[in-house]
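Beneath this line is the structure, given in structure tokens, with notes to follow.
The sequence lines fix the lettering, A, B, ..., with proteins before strands; numbering per chain opens at 1.
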Amino acid sequence: MSDSQSVGTDFIRARIVDDLNSGRFSRVQTRWPPEPNGYIHIGHAKGIWLSFGIAEDFAGACKLRFDDTNPTRENQEFVTAIEEDVRWLGYRWQEVVFASDYYQQLFDWAVQLIEVGSAYVDSLSREQISAYRGTPTEPGRDSPFRDRTIGESLDLFNRMRAGEFADGTHVLRAKIDMAHPNINMRDPVMYRILHAHHHRTGDAWCIYPTYDWAHGQSDSIEGVSHSICGLEFENHRPLYDWFLDQLGVWHPQQIEYNNLNITYTMMSKRRLRALVEERIVDGWDDPRMPTLRGMRRRGYTPTAIRAFLEKVGLSKTEVMVDAGLLDFCQREELNRVAPRVMVVLDPIKVVISNYPDGRQETFDAENNPEDPAAGTRAITFSREIYIERDDFTEDPPPKYFRLFPGGEVRLKHAYYITCTDVIRDQSGRIVQVNATYDPESRGGQTPDARKVKGTLHWVNAADAVLVEVRLFDRLWTREDMVNLGDLDFRDFVNPESRVTVTNALAEPGAIGFDPGTRLQFMRHGYFCVDEIDTRPGAPVFNRTTSLRDTWAKASNR
RNA sequence: UUCCCGGUUGUGUAAUGGUAGCACCACAGAUUCUGGCUCUGUUAGUGGGGGUUCGAGUCCUCCCCGGGAAGCCA
């Protein structure tokens with residue numbers, strides 16, 4: 001397969017190949033243009049993956065451009081956080097730039113448009129402008145100020161810029177067509193008066209360009225070849241093109257892709273903010289949040305996120321991707337690289353009656369059956385151990401092959417044991433399981449090669465370490481958190497989205513990893529050492545995703 | 001009612017006008033010192049009607065369905 005084919009076959013890359021072949025563009029320059037008004041999430045990751053990924057694939061370059069044209073909502077905190085998150089995802093920008101870097105050029109170009117009669121200052125109120133715009137089915141009407149002389153508009157615009165007018169008193173508009181079927185072409189606003197402090201330009205400006213006026217021109221200044229954006233800007237493309245044509249400057253090609261929606265996941269920035277502000281979650285980095293910070297803390301890896309994005313692909317269809325696909329990608333990666341350890345989440349004591357009291361022995365346990373190079377670690381074994389309460393039952397259902405009275409199971413890496421009886425407290429709750437072991441089964445097999453279907457994880461009572469484990473599940477109980485209509489998203493919070501286990505017991509080998517380290521808790525799932533709440537010697541583990549569990553599925557039926 | 005965009009198995013995504021494929025999910029089985037991993041197999045799709053063509057998911061046409069558009073947000 002040739003290089004050009006390995007670049008990929010999605011419709012955007014295909015168009016770029018065409019543009020390169022036809023000579024329309026000689027190189028690929030892209031940009032990823034977040035507004036610094038919030039933390040970015042997995043949906044943004046798709047845009048990042050596309051714009052940065054395309055630049056990489058075509059040996060071009062991609063700039064990180066902050067689209068900071070609305071000073072009332074943007075600030076430096078978000079700039080820093082977004083830079084961090086993009087880097088974490090694994091992308092490197094050619095340069096960090098800001099739309100505000102181009103304010104003067106944008107202003108000069110606006111003057112140029114006024115001078116040729118393609119823009120004018122309108123003095124209608126916000127409400128009037130809206131009323132004059134018409135509706136999707138009715139044409140708009142010209143503003144009475146539309147035929148203002150060029151000189152008058154120029155004068156007014158300069159005075160707007162000089163700060164002579166209050167917010168909302170005048171705007172600069174492009175002069176296109178108030179009856180245009182595309183409402184974006186009905187004399188769109190280019191500048192509004194905003195006496196607001198900007199996080200970068202300070203108080204240098206009191207008029208700010210709108211998205212439509214700033215975006216394409218910023219692309220042009222940067223020599224962008226392909227401007228990749230969401231479907232919501234499709235209706236803006238004619239305007240994007242119109243401005244560039246009026247100016248006669250470098251003309252990038254805007255291409256739209258479908259945004260990412262995931263089942264049981266809510267990505268609306270506004271609602272995410274509400275979750276944080278109303279303390280429904282702990283913060284932007286809560287492991288249940290779809291923010292990159294949240295996912296990072298949860299234990300998701302940048303590589304798995306990118307693999308996921310690649311598997312999802314792109315089109316112009318609105319989609320709802322199964323959240324399970326992300327977990328599949330995450331498991332696929334971690335299965336290869338995550339060290340295995342044994343952790344008992346809900347311990348029940350097992351006493352092995354025929355194992356000598358006071359004796360302790362050591363086994364070599366492989367760290368990762370998928371990777372022999374990962375080596376082994378020592379685990380200790382003695383008369384008293386703990387197993388998972390779920391791994392024992394007094395009345396086993398059909399095809400159950402965990403521990404039950406009279407049944408034999410293998411303790412991973414150690415011996416076969418057979419349950420003899422149980423001990424209860426006054427309430428009837430089982431507090432201890434008694435068992436005998438087969439000394440011949442040392443290491444996990446016997447000379448008679450008899451089959452034991454069940455293999456349980458366990459920890460040695462003598463050296464098990466108490467750890468905190470946080471079991472995360474989907475934040476929402478509703479699959480479609482995009483189209484809620486009049487429903488309140490708060491009504492769909494999953495009460496079991498976080499279950500904190502404080503009495504889990506871990507083998508000593510699970511302790512001492514750096515925060516952020518990812519492990520497999522055998523038979524449970526993939527966990528990472530929490531980067532915030534972990535203390536020396538007191539790890540907190542976050543469950544990223546569970547292992548596939550075909551038994552749970554089967555027994556639920 | 002206007003303009004723009006879209007519609008391929010349950011989900012997502014492929015198919016110079018020429019055998020509708022891949023992945024996830026689901027299901028069945030094999031294997032297994034993780035009921036994990038791995039392996040094998042199964043179910044299931046071109047929204048509808050006309051037309052062009054030897055041949056249509058692909059081109060034309062009409063219809064149906066879904067989404068977007070009336071911010072001085074991006």
Side-chain angles (χ1 to χ4, degrees), chain A residues 9-10 33-35 37 67-70 72-74 122 124-126 129-140 167-173 180-186 188-194 207-208 210-212 214-215 229-238 256 258 263 269 308 310-329 331-332 335-336 340 342 365-366 369-370 399-402 409-414 416 441 443-445 452-457 483 520-525 546-555:
Chain A
T9 53
D10 63 71
E35 184 188 11
N37 71 342
D67 226 332
D68 55 350
T69 55
N70 187 351
T72 61
R73 321 200 303 180
E74 299 152 3
D122 194 0
L124 250 26
S125 71
R126 183 187 288 257
I129 288 179
S130 175
Y132 273 75
R133 184 154 30 225
T135 70
T137 54
E138 303 162 285
D167 290 5
T169 51
H170 307 278
V171 292
L172 183 71
R173 293 231 251 172
H180 202 287
N182 181 339
I183 294 180
N184 292 126
M185 299 297 270
R186 319 239 261 230
V189 171
M190 297 165 64
Y191 274 97
R192 73 276 210 193
I193 301 172
L194 238 38
I207 57 171
Y208 290 93
T210 57
Y211 165 85
D212 285 312
H215 203 92
C229 64
L231 249 23
E232 68 271 29
F233 294 109
E234 208 160 22
N235 289 330
H236 293 247
R237 179 155 32 88
E256 310 85 17
N258 59 342
T263 56
K269 257 191 198 176
F308 166 69
E310 233 153 84
K311 278 197 159 58
V312 169
L314 61 149
S315 65
K316 296 190 71 168
T317 316
E318 301 208 334
V319 298
M320 179 68 77
V321 177
D322 190 338
L325 186 58
L326 174 62
D327 286 327
F328 167 81
C329 294
R331 290 187 193 110
E332 194 177 48
N335 174 54
R336 292 192 312 266
R340 272 60 167 172
M342 296 197 286
E366 59 183 350
E370 304 293 321
K399 287 203 257 181
Y400 182 88
F401 44 88
R402 273 111 104 140
V409 296
R410 171 166 39 233
L411 295 174
K412 181 77 184 174
H413 302 307
Y416 292 0
S441 64
Q445 52 231 309
V452 175
K453 291 279 272 189
T455 301
L456 309 186
H457 64 283
N483 305 298
Q520 185 196 101
F521 288 6
M522 295 199 88
R523 302 211 303 136
H524 282 303
S546 61
L547 251 28
R548 272 185 80 220
D549 189 350
T550 51
W551 168 246
K553 222 160 28 187
S555 51

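You'll find the side chain of A/Leu456 stays beyond 4.5 Å of the side chain of A/Lys412, heavy atoms only. In this structure the side chain of A/Glu74 reaches within 4.5 angstrom of the side chain of A/Glu35, judged on heavy atoms.
If you check every strand for non-hydrogen atoms under 4.0 Å, A/Pro238 touches nothing. A/Phe328 comes within 4.0 angstrom of the backbone, heavy atoms only, and of no base. Residue contacts shown for A/His524 are absent, as no nucleic acid heavy atom lies under 4.0 Å away. Here A/Gly324 lies out of heavy-atom contact (under 4.0 Å) with every strand. Residue A/Phe308 is out of contact with every strand shown, counting any heavy-atom pair closer than 4.0 Å. Note on A/Thr69: only backbone sugar-phosphate atoms sit closer than 4.0 angstrom, heavy atoms only; bases stay farther off.
If you take CG of A/Asn182 and C1' of B/C4, they are 7 Å apart, rounded to a whole angstrom. Between A/Leu194 atom CG and B/A74 atom C1' there is a gap of 14 Å when expressed in whole angstrom units.
Salt bridge absent: A/Glu366 and A/Arg340 never bring a charged side-chain N and a carboxylate O closer than 4.0 Å.
On a pure distance criterion of 3.5 Å, no polar donor-acceptor pair joins the side chain of A/Thr137 and the base of B/U2. Taking 3.5 Å as the limit, the base of B/G36 and the side chain of A/Glu370 contain a donor-acceptor pair of atoms between them. Contact annotation: side chain of A/Glu138 to base of B/U2, donor-acceptor pair absent below 3.5 Å. At a cut-off of 3.5 angstrom, counting only N and O atoms as typed in the model, there is a donor on one side and an acceptor on the other between the side-chain of A/Arg402 and the base of B/G35.
Within the 3.5 Å criterion, the main-chain N or O of A/Pro188 finds no donor-acceptor partner in the side chain of A/Asp212. With A/Arg133 contributing its side chain and A/Gly140 its backbone, the two residues share no donor-acceptor pair below 3.5 Å.
Within the structure, every side-chain polar atom (N or O) of A/Arg331 is placed at least 4.0 Å from both OP1 and OP2 of B/G36. Contact between the side-chain N/O atoms of A/Arg73 and the OP1/OP2 oxygens of B/G71 is not found at any separation under 4.0 Å. In this model, the phosphate group of B/C72 is approached by a side-chain N or O of A/Arg133 to a distance below 4.0 Å at OP1 or OP2. Side-chain nitrogen and oxygen atoms of A/Arg192 include at least one within less than 4.0 Å of the OP1 or OP2 phosphate oxygen of B/C73.
Comparing B/C72, B/C4, B/C73 by their closest approach to the side chain of A/Asn235 singles out B/C4. Comparing atom distances between the A/Pro181 side chain and each of B/A74, B/U2, B/A69 picks out B/U2 as nearest. Proximity note for A/Thr210 (side chain, C-beta onward) versus B/G36, B/C73, B/A74: the nearest is B/A74. Considering only the side chain of A/Val189, B/C72 comes nearest among B/C27, B/C72, B/U34.
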What pattern of brackets, bars and dots sums up RNA chain B from 5' to 3', given Watson-Crick or G-U wobble pairs under 3.5 Å, [ ] for crossing pairs and | for another strand?
.((((((..((((....[..)))).(((((.......)))))....(((((..]....))))))))))).....

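With hydrogens and angles left out, the side-chain atoms of A/His236 and A/His215 include no donor and acceptor closer than 3.5 Å.
In terms of position along RNA chain B, the nucleotide closest to A/Asn335 lies nearer the 5' end than the nucleotide closest to the other residue of the pair A/Asn335 and A/Pro33. Residue-to-nucleotide proximity on RNA chain B shows that, of A/Ser441 and A/Glu234, the 5′-proximal contact is made by A/Glu234.
Taking the C1' atom of each, B/U46 and B/C3 are spaced 28 Å apart, rounded to whole Å. For the C1' atom pair drawn from B/A26 and B/G7, the interatomic distance equals 24 Å after rounding to whole Å. For B/U13 and B/G48, the C1' atoms lie 24 Å apart once the distance is rounded to whole Å.
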Protein-nucleotides 40-47 of chain B N/O pairs under 3.5 Å:
none

For nucleotides 10-13 of chain B, list the nitrogen or oxygen atoms of the protein found under 3.5 Å from its nitrogen or oxygen atoms, one pair per line.
unit_1	atom_1	unit_2	atom_2	d
B/U11	O3'	A/Met320	O	3.2
B/U11	O2'	A/Met320	O	3.3
B/G12	OP1	A/Met320	N	3.1
B/G12	O2'	A/Val312	O	2.5
B/U13	OP1	A/Asn258	ND2	3.3
B/U13	OP1	A/Ser315	OG	2.7

Under the side-chain contact (heavy atoms from CB on, under 4.5 Å) rule, what do A/Asp322 and A/Phe328 come out as? Steps first, then yes or no, please.
CA-CA 10 Å; A/Asp322 190 338; A/Phe328 167 81; over 6 Å; no

If you apply the rule salt bridge (charged side-chain N to carboxylate O under 4.0 Å, His left out), what do you find for A/Lys316 with A/Glu234, and how did you get there?
CA-CA 10 Å; A/Lys316 296 190 71 168; A/Glu234 208 160 22; 2.4 Å; yes

Can you check side-chain contact (heavy atoms from CB on, under 4.5 Å) on A/Thr210 and A/Thr69, steps first, answer last?
CA-CA 6 Å; A/Thr210 57; A/Thr69 55; over 6 Å; no

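Of all heavy-atom pairs spanning A/Ile129 and A/Val171, the tightest one is CD1-CG2, 3.8 Å. Residue A/Gly444 comes nearest to A/Tyr416 through the heavy atom pair O-OH, 3.3 Å, listed as atom of the first residue, atom of the second, then distance. The shortest non-hydrogen separation linking A/Asp122 to A/Leu124 is OD1-N, 3.3 Å.
The aromatic rings of A/Tyr211 and A/Phe233 sit parallel, their planes meeting at an angle under 30°, below the 60° perpendicular limit.
Using a 5.5 Å limit on the distance between ring centres and a 30° limit on the angle between planes, the aromatic ring of A/Trp551 counts as stacked on the six-membered base ring of B/G35.
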